[in-house]
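Position 1 is the first residue of the sequence, and the numbers go up from there.
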Amino acid sequence: MFSNAAWVCGDGEEKGFFILRSKFTVNKVKRAVLRVLGLGFFHCYLNGKRVGDDLFLPLHSDYEKRPDYPIGEKISHHRIYVPQFDITPLIKDGENTLALHFGGGWYTQAWWESVPFGSPKAIWRVFGEEENGSFEFCSSVKDKILPSFVKDYNFTTHEVQDYTAGDEGLLSADFDDREYPCARLARPIVSDYLFSDCPTDRVCATLQVFKISDFNGVATYDCGKNTSGYPVLRLKGEAGEPVRVCFSEERTENGEIEERYQHGQRAVFICDGKERVVRPLFTWFGFRYFSVFGNAEVEKVEIVHTPLENVSRFSSDNEILNWIHETFLNTQRTNMHTGLPSDCPHLERRGYTGDGQLLCRATMHAFDGEKFYEKWIEDILDCQDEYSGHVQYTAPYVLAGGGPGGWGSAIVEVPYQHYLHYQSKELLAKCYPKMLRYFEYLEAHSYADLVVSDKEGVWCLGDWCPPTVVKLPAPYVNTYFYIKCLYRCIEIAKILQKTERIADFENRIERKKAALTKVYFNAWDGNFLGGEQGANAFAVDIGLGDGRTYQNLLSRYEKLGGYDTGIFGTEILTRVLLQRGQGDLAIKLLTSSSLHSYAEAKRRGATTFWETWPSGVGERSHNHPMFGAVTACFYDFLLGIGQAEKRIKIAPVLSESIREMSGGRRLREGEVSVAYTKTAEKITFTISLPQSAEGELLLDGKEYPLHGGENRVVIKRGS
């Protein structure tokens, strides 16, 4: 991958950021390629011009073995993704200058009580063809190391740039670096060096912000919505004068940023007396509001995330449903960075397997996530313990908390959903043995056929973030997820034609169901755990209970009129109702105006989902996508656009409260759209299928044939 290149660093590689510079000479170049890594993140310049417009490279991965993996576990695999650029247009005849600005990021970040992978280092290789044949130049101890103008940094909280100590001129072609020291050899990274076609972070849009207060030298701005990225400033201060920017998701009544939702996020720029345009270089922030302390003008805000194509749309005559859909899109976009779906864009930024498996179906419906999720699935496989089969709570692995069911099940659910959307049987087959290994871990952590524990001394969560304290026992939820995974693997085994394990899966399902029923089912009234926090929905979803269980579920939520569920229970409850045709009740819950509801979050001005329900226990972050998982139901049931097999089936679940709805999404066969309007006398459907497709509209037990192109179907009410 890098030929004779050496990993290099500065004097005392544990300290700060560096700029690496090197020169090479070529003539009449026909083709030139650059492979480069700077860890944590890096920006690269050739002859003073930026190479590429990607941000926060390289993609996050489990780069190499680190000293603080869970005790007694062995992470399955280590990889590092190598960016490669065609630099032919930037090459000039004669001497060329390569400059690499590198420092912090995932690789150098210490989390809680953990330690970083390592300290800043870099490696590069330029190769190609010129008039006299091939050429190659590589990083070595002859490269020059210059101190960076980034002087202090923490990936999740802050970046400090000091322009009295240097600026972008250090990256230019004509800067005289002869007096600077040469690089030192750095510890090489022992890992698989790979390429990836996973999309990388970019500036995806810009926002023109508006000032909401200006008092005593402090100007506060509103972006109009919660987002991820940073403001671009024009510095106008005197030499040595600081300009400080603080970020928050909320503001106070008098227009100041709310410290509770600041999460420590800040950027500082030390002026050198020259007017210049600046932005953070090695981190992004999650915020809606920001305050500028000091002499600077705000030019714009750059929104930064992974630029996945939106392949869906949804609208209705209900403003709460529309808000849920748009809020999901905004929340999920702002949580897609460096090749992983994160829990939040500020506090932790981790690829939690629980959050990721819960949201993957909705995300794949909404966005073209094929390559993005291919990469993240590899991360999940990489972080599985070789000894026990345990799947970590985050992928790539970062010290965190979770549980063996809702989190570890990502190793089944994410590849399964990826296959349904993108049909990669090869990837599914690669994951299948890892799924079986995970099942052995769950069996080993079961008692009386309930999944009762995870690793000793760590969390063992079931559901997470209901409005009040969690009432569902973790073994109940974790055993539910094990059963769900077993059902998935019966389907997967048939897809892969590996049916020899199906009888074993079915036996395990029956044993686990019997255990749940024995411990948690009340034969006197037909409830599981009193029906609280969606307990009966968990049961009904995997075929537990008797005739009363489902009726109890309906009665409870008709009376309650809103959600009392956590991140998993909310999706399960909504889906169970819609799968069984309960459109009126599902819409009632989704549009409830109770204290803990989507409508209440909207009323409070939310533009991204919060980590908890409004006024819920432990309210903290105001940008967590988990409660957006219900959006998958908008496509699957409200619009009724199911995954096609041989024919496309449109089976919408209607509600008396909804008069108009429209939307669509991309299936493997092409774009499918559904729209309907209802009057007292009739329902008029307009349905578009790909030209080569055929299908049916299914409604009230009747089938209406559909052909490729646009279809108009009018159904009389009551007929």
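Between R508 and E443, at least one side-chain N (NZ, or NE/NH1/NH2) sits under 4.0 Å from a carboxylate O, which counts as a salt bridge. A salt bridge between E348 and R620 is present, with a side-chain N of the basic residue lying under 4.0 Å from a carboxylate O of the acidic one. A salt bridge does not link K518 to D449: none of the charged side-chain nitrogens sits closer than 4.0 Å to a carboxylate oxygen. Between R666 and E671 there is a salt bridge, since at least one side-chain N of the basic residue sits less than 4.0 Å from a carboxylate O of the acidic one. One finds no salt bridge joining E249 and R288 here, because no Lys/Arg side-chain nitrogen approaches an Asp/Glu carboxylate oxygen to under 4.0 Å. Remark: R511 does not engage E506 in a salt bridge, criterion side-chain N to carboxylate O under 4.0 Å. Between E491 and K494 no salt bridge is recorded (no basic side-chain N to carboxylate O distance below 4.0 Å). Electrostatic pairing of E378 and K375 does not count as a salt bridge here, judged by no charged N lying under 4.0 Å from a carboxylate O. A salt bridge does not link E660 to K678: none of the charged nitrogens lies less than 4.0 Å from a carboxylate oxygen. Between R575 and D541 a salt bridge is recorded (basic side-chain N to carboxylate O distance below 4.0 Å).
Between H325 and F634, the ring planes are parallel. Angles under 30° get that label, and only those over 60° would be called perpendicular. Classified by interplanar angle (parallel below 30°, tilted 30° to 60°, perpendicular above 60°), the ring pair F685/Y676 is tilted. Below 30°, between 30° and 60°, or above 60°: for H263 and H346 the angle between ring planes is between 30° and 60°, a tilted geometry.
Taking the six-membered ring wherever Trp is involved, the centroid distance between the rings of F505 and Y487 does not fall below 6.0 Å. Ring-centre distance between W323 and F314: not below the 6.0 Å cut-off.
Note: C633 SG to L639 CG = 11.5 Å, rounded to the nearest 0.5 Å.
With hydrogens and angles ignored, the 3.5 Å screen pairs a side-chain donor or acceptor of S316 with a backbone N or O of N318.
For the salt bridge (charged side-chain N to carboxylate O under 4.0 Å, His left out) condition, no pair includes a residue of residues 326-345, sequence neighbours left out. Counting only residues at least two apart or in different chains, ring-ring contact (aromatic ring centres under 6.0 Å, His included) contacts with residues 529-549 comprise Y480-F538.
In the model, Q262 has no side-chain atom that pairs as donor or acceptor with a side-chain atom of E258 under 3.5 Å.
Shown here are the side-chain hydrogen bond (donor to acceptor under 3.5 Å, both in side chains) partners of R260, two or more places apart in sequence or in another chain: there are none.
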